[in-house]
Amino acid sequence: MFKPYLVNFDTRQLPVETYEYVIIGGGIAGLYTACKVAREGGQVLVLTKHTLEDTSTDKAQGGIAAALGQSDSPELHFKDTIFAGAGLCDPKAVEILVNEGVSRVKELIEWGAQFDYDEGELALTREGAHSQRRILHAAGDATGAEIQRALAYQANQIPNLKIYENYFVVDLLVADDICYGVLAWDNVNQCFKVFYGRVVVLATGGTGQVYEHNTNPEIATGDGIAMAYRAGAEVMDMEFIQFHPTVLCLPGAPSFLISEAVRGEGARLRNCYGEQFMPCYHQLAELAPRDIVVQSMLKEMVRTGSKNVFLDLSPLPAEVIQQRFPNITRTCATYGLDITKDPIPVAPAAHYMMGGVKTNLHGETNIKGLYACGEVACQGVHGANRLASNSLLDGLVFGFRIVKESMRFLTSYVPSSVEFVCNYLKPPEEIKINGLTRELRAVMNKCAGPVRSCQRLTGALSFFENQADLFLSEAKNIAEMELRNMLLVGQLICEAALMRTESRGAHYREDHPAASERWVKHIILRL
Ligand code: SIN
């Protein structure tokens, strides 16, 4: 049903630019990789869909995990990551993450990222399933924005690193399982362009926008996974979507994330009767792994007939709340909540894609010259449930590994010139883009949310089958391309979720509520 491309084009008719590296995405994974390669002398182009501020990295609140505390060690970080991952983490990938992560975070500090300090020492907080205080944060709860700022500053100092903002990458140019570059839409000049690269790095982030309720920026429409899958890349673990437990749930307010660090500092979850319920569900109470907190909240909501529970910050002094969580304080205040006094109504929402484009431990995909890192990639480091604050770290660690590996690849590989043509798509169809997008998101929320069943997933798959014809015709603008990408990604999530007849980590099937030994394996999908 899916075709390799979303539009008709002929590379011989289009403006062309050629680089050694074309990196798609300007969040932590893309920008860090770009800076690292460019510092080694590589000619690099970074393409971003909107601006450098429109990334999941920029929105990240809680922080970045690294074993830097006095009583901490990479071994303890390893144990916590494996425990949270519910039996599906690749131990080799985790070992790399926790060991190499320490140097990568130190490097980020050397590059100017200003994390918070407490009496001259890095201030470290806790989040769910961490046995230690090991999460660095910046400006209280604006860690991602500070990392983004530091990396953008670095990137702007390097002459051989170019950044083109407002370029929507439509498709990868792949022939005989070799990636030669990308076809992109220049949204300022309203034209297609071709960027050839001997190395193409996907760092396009997540897929949260396929869900009605999600914490992701608007750009997170799964473009990277969709274009890679169309081009023949393998994708893995697509059924594992992490739902964040504490997302603001107030009529008229956006799905704004209330960082897990708030619970790390002592906030409690309470039901509509004001009762703290998490100790009844897990010994770690509010700091249980994220998937367990989500399922416990949902049970409590059903038990009490409520649409949300409450996050109570009253155990924390008001000045600590304001100083530690200024962004959350401010945002909640605009919706009439004084979080030093008022409990925050919260419910789970889609937050992070554990699966993605399958790579090895060096970021290589099954397509030569195509690499992936950050949220779009899946090398198994997060298993079935990512440990909080491991995602920014993952972007750095596996970005670094791509640099090392791809430089070896560059010296061993002589590119040939290849032309690409697509002329078989039918003229654009009239589609009701907003209606169909809403429908897709509602289907995903209902059928592929935190509680799934064979019946609902089968229903979702018939919805996707009904949209199949759309892929035979050209997309006529970015919104239509994004919609096609979201439909494809939604379908992959539902296919994998239907196949996995057990419950594990973030994937809960009410018709198969237990984990099964038989399913200690990954689902890999390929066109
Ligand atoms: C948060 O601040 O709760 C988000 C951290 C994460 O997703 O790792």
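Residue indices begin at 1 and follow the sequence shown. Just follow the structure's listing: the first ligand is 1, and inside any ligand the first atom is 1.
- Under 4.0 angstrom from ligand 1, the non-hydrogen atoms of Arg290 all belong to its side chain.
- The CZ atom of Arg456 sits 12.5 Å away from atom CG of Leu498, with the distance rounded to the nearest 0.5 Å.
- Heavy-atom contacts of Ser259 reach the following atoms of ligand 1: 1 (C), 2 (O), 3 (O) (cutoff under 4.0 Å).
- Inspection of the Asp237 and His522 side chains reveals an N or O donor paired with an N or O acceptor under 3.5 Å.
- Neither side chain, Asn308 nor Ser306, offers a donor N or O lying under 3.5 Å from an acceptor on the other.
- Residue Ala388 approaches ligand 1 through these ligand atoms, each under 4.0 Å from one of its heavy atoms: 8 (O).
- Considering backbone and side-chain N/O atoms, Gly62 comes within less than 3.5 Å of an N/O atom of ligand 1.
- Ring-plane geometry between His282 and Phe83 is classed as tilted, the angle between the planes lying from 30 to 60 degrees on a 0 to 90 degree scale.
- At least one heavy atom of His351 sits under 4.0 Å from some atom of ligand 1.
- Close contacts between ligand 1 and His244 involve ligand atoms 1 (C), 3 (O), 4 (C) [criterion: under 4.0 Å to a heavy atom].
- The pair Glu502-Arg509 does not meet the salt-bridge criterion, since no charged nitrogen lies less than 4.0 angstrom from a carboxylate oxygen.
- Of the listed residues (Gln242, Gln61, Glu260, His137), the one carrying the non-hydrogen atom nearest atom 3 (O) of ligand 1 is Glu260.
- Salt bridge annotation for Glu127-Arg133: absent, with no cationic side-chain nitrogen under 4.0 angstrom from a carboxylate oxygen.
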